[in-house]
Trainee: 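Mind having a look at this structure? Questions to follow.
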Amino acid sequence: MRIVLMIFRKFFLVPGHFYRLWKAGKNYNGDYGPGYKAAKAIASQGISAGNITIEAHGTENVPKEPGFIYYPNHQGMFDVLAFMDSSPQPFAFVIKKEAKDVILLKQTIAATGSLPMDRDDIRQSMQVINQVAQEVKEGRNYLIFAEGHRSREGNKLLDFKGGSFKAAQKAKCPIVPCALIDSFVPFDEKSTRHVTVKVIYLKPMYYEEYQHMKSNEIADEVKRRIEEAIKKYEHKK
């Protein structure tokens with residue numbers, strides 16, 4: 001219902017935004033700037049039309065220098081839109097292969113050079129991890145959902161997978177833990193009531209802090225920090 005509301009309220013803007021996003025994907029040459037700008041415009045328009053407020057905290061924690069990875073909890077298809085609207089820095093993202101053909105998401109992947117991952121294919125997964133690491137070294141930012149699959153228990157987290165952090169270890173880059181609160185509501189509820197989605201950008205973990213940790217230890221620590229942030233901000237007005 002909310003997606004219908006988004007389209008209905010911005011009906012006359014949809015073709016133009018979609019064309020710019022499609023064109024950015026068709027002409028993608030390694031620069032995700034134009035594609036990200038087009039995707040961000042669509043996200044912001046959709047959010048305002050969908051009776052949604054994005055409440056961002058801690059944006060000052062996001063590194064000013066490019067070449068870092070966001071690691072948030074995963075609540076659903078709306079998550080990427082919340083980051084597109086609130087992130088002070090552009091980014092590409094890694095997404096499960098099952099979602100790569102979803103309308104708009106497919107075009108956004110092409111326009112930003114984002115990467116679908118088949119978590120059942122170890123070789124392909126490692127290729128994606130290695131590609132992310134190399135691109136982060138070259139100054140791109142990425143977003144990776146370390147749970148692998150979305151949690152279906154509201155703001156409760158699943159276990160974070162250590163393998164997701166190998167990209168950061170290989171790139172020796174800053175890890176930015178991020179907490180999403182109520183990001184599941186917009187597309188899960190059969191309602192168009194107003195909803196506030198909170199995005200909390202936590203202080204980065206720099207390589208010097210985690211260089212001697214195993215990937216599963218990093219995963220546990222990032223999860224712990226996100227859980228603490230959710231407890232702090234979940235009911236905060």
Side-chain angles (χ1 to χ4, degrees), residues 20-44 56 58-72 74 79-96 100 105-117 124-146 160-180 199-213 215 218-219 221-222 225-226:
R20 284 188 285 275
L21 184 65
W22 172 83
K23 186 176 181 181
K26 188 175 180 62
N27 297 328
Y28 180 75
N29 61 1
D31 177 9
Y32 64 178
Y36 182 83
K37 185 176 180 180
K40 186 179 181 70
I42 291 176
S44 298
T59 53
E60 70 278 3
N61 292 323
V62 177
K64 302 296 187 294
E65 293 295 320
F68 61 83
I69 302 177
Y70 287 134
Y71 282 98
H74 191 17
D79 297 353
V80 173
L81 296 180
F83 277 97
M84 285 279 181
D85 183 70
S86 63
S87 173
Q89 298 283 0
F91 61 89
F93 53 91
V94 174
I95 195 164
K96 63 181 182 179
K100 68 181 178 67
L105 195 53
K106 177 180 179 179
Q107 287 73 28
T108 301
I109 290 170
T112 58
S114 296
L115 302 171
M117 175 184 283
Q124 193 270 349
S125 296
M126 285 308 302
Q127 288 175 343
V128 170
I129 291 296
N130 289 335
Q131 183 173 342
V132 169
Q134 183 58 42
E135 291 184 10
V136 170
K137 286 180 182 178
E138 295 169 359
R140 284 167 63 92
N141 308 317
Y142 263 90
L143 182 151
I144 298 177
F145 295 110
F160 278 31
K161 300 182 183 299
S164 301
F165 293 89
K166 291 188 181 298
Q169 289 176 300
K170 290 175 179 289
K172 300 181 180 180
C173 70
I175 290 170
V176 185
C178 305
L180 284 167
V199 185
I200 298 94
Y201 296 89
L202 304 177
K203 291 184 178 179
M205 291 176 63
Y206 290 95
Y207 182 66
E208 292 73 19
E209 180 179 353
Y210 68 80
Q211 62 179 320
H212 299 302
M213 298 170 67
S215 58
I218 300 172
E221 176 60 18
V222 170
R225 295 185 186 192
I226 292 174

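None of these values were measured; they are calculated from a predicted model. Note that these values count all heavy atoms, side chains included, but never hydrogens, waters or copies made by symmetry.
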Trainee: So which atom in Tyr32 and which in Ala92 form the shortest heavy-atom distance, rounded to 0.1 Å?
Mentor: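 Result for this residue pair: CE1-N, 3.5 Å.
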
Trainee: Could you tell me which non-hydrogen atom of Lys203 sits nearest to which non-hydrogen atom of Asn61, and how far apart they are?
Mentor: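 Looks like CG-OD1, 3.5 Å.
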
Trainee: Mind telling me whether His74 and Phe145 have parallel, tilted or perpendicular rings, with 30° and 60° as the class edges?
Mentor: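 Ring orientation, 0 to 90° scale: parallel.
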
Trainee: Nearest 0.5 Å, what's the CD-CZ distance between Gln107 and Arg20?
Mentor: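 Answer for the CD-CZ pair, Gln107 versus Arg20, is 14.5 Å.
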
Trainee: Working to the nearest 0.5 angstrom, can you tell me the gap between Met126 CE and Lys166 NZ?
Mentor: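 Result: 7.0 Å between the selected atoms.
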
Trainee: Which distance, rounded to the nearest 0.5 Å, do you find between the SG of Cys178 and the CD1 of Ile200?
Mentor: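 Cys178 SG to Ile200 CD1: 9.0 Å, rounded to 0.5 Å.
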
Trainee: Closer than 3.5 angstrom, by distance alone: can the side chain of Asn141 be matched with the main-chain N or O of Ile69 as a donor-acceptor pair?
Mentor: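 Judged by distance alone, no pair lies under 3.5 Å.
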
Trainee: For Gln211, is the CD atom crowded, meaning more than 12 foreign heavy atoms sit under 6.0 Å from it?
Mentor: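 Yes - once you tally the heavy atoms of other residues, nucleotides and ligands closer than 6.0 Å, there are more than 12.
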
Trainee: Parallel, tilted or perpendicular: which one describes the rings of Tyr70 and Phe91, with boundaries at 30° and 60°?
Mentor: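 Correct class here is perpendicular.
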
Trainee: What about Tyr36 and Phe93, are their ring centers closer than 6.0 Å?
Mentor: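 No, the ring centres sit 6.0 Å or more apart.
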
Trainee: Short question: side chain of Lys40, backbone of Met84 - any donor-acceptor pair under 3.5 Å?
Mentor: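 Yes; at least one donor-acceptor contact below 3.5 Å.
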
Trainee: First locate atom NZ of Lys106, then atom NZ of Lys100, and finally report the distance between them rounded to the nearest 0.5 Å.
Mentor: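 Rounded to the nearest 0.5 Å, the NZ-NZ separation comes out at 7.5 Å.
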
Trainee: Would a distance-only check, ignoring hydrogens and angles, find a side-chain to backbone donor-acceptor pair under 3.5 Å from Asn27 to Asn29?
Mentor: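 The answer is no, because no donor-acceptor pair under 3.5 Å joins these two groups.
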
Trainee: As a quick check of understanding, evaluate side-chain contact (heavy atoms from CB on, under 4.5 Å) for Ile226 and Tyr71, giving each step before the final call.
Mentor: CA-CA 9 Å; Ile226 292 174; Tyr71 282 98; 5.7 Å; no

Trainee: Please enumerate all residues that pass side-chain contact (heavy atoms from CB on, under 4.5 Å) together with Ile42, with sequence neighbours excluded.
Mentor: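 By the side-chain contact (heavy atoms from CB on, under 4.5 Å) rule, Ile42 matches His17, Leu21, Leu104.
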
Trainee: Taking the side chain as everything from C-beta on, heavy atoms only, tell me whether Tyr206 gets closer than 4.5 Å to Phe68.
Mentor: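 They are not in contact (no side-chain heavy atoms under 4.5 Å apart), so the answer is no.
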
Trainee: So which atom in Pro116 and which in Val128 form the shortest heavy-atom distance, rounded to 0.1 Å?
Mentor: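 Closest approach of Pro116 to Val128: O-CG2, 3.7 Å.
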
Trainee: Could you pull out all donor-acceptor pairs under 3.5 Å where a side-chain atom in residues 133-140 meets a protein atom, sequence neighbours excluded?
Mentor:
{"from": "Gln134", "atom 1": "NE2", "to": "Glu138", "atom 2": "OE2", "distance (Å)": "3.0"}
{"from": "Glu135", "atom 1": "OE1", "to": "Arg140", "atom 2": "NE", "distance (Å)": "2.8"}
{"from": "Glu135", "atom 1": "OE1", "to": "Tyr142", "atom 2": "OH", "distance (Å)": "2.6"}
{"from": "Glu135", "atom 1": "OE2", "to": "Gln131", "atom 2": "NE2", "distance (Å)": "3.0"}
{"from": "Arg140", "atom 1": "NH1", "to": "Tyr28", "atom 2": "OH", "distance (Å)": "3.1"}
{"from": "Arg140", "atom 1": "NH1", "to": "Gly30", "atom 2": "O", "distance (Å)": "3.4"}
{"from": "Arg140", "atom 1": "NH2", "to": "Thr112", "atom 2": "O", "distance (Å)": "3.0"}

Trainee: Going by heavy atoms in the side chains, are Leu143 and Pro72 under 4.5 Å from each other?
Mentor: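 When only atoms from C-beta onward are counted, Pro72 and Leu143 do touch, with a gap below 4.5 Å.
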
Trainee: Between side-chain atoms of residues 168-176 and protein atoms elsewhere (two or more places apart, or another chain), which donor-acceptor pairs fall under 3.5 Å?
Mentor:
{"from": "Gln169", "atom 1": "NE2", "to": "Met213", "atom 2": "O", "distance (Å)": "3.4"}

Trainee: Quick one: pull up CD1 in Ile95 and CD1 in Ile109 and give me the separation to the nearest 0.5 Å.
Mentor: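 Result: 5.0 Å between the selected atoms.
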
Trainee: Closest heavy-atom contact between Ile129 and Ser164?
Mentor: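 Between these two residues, the closest heavy atoms are CD1-O, 4.4 Å.
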
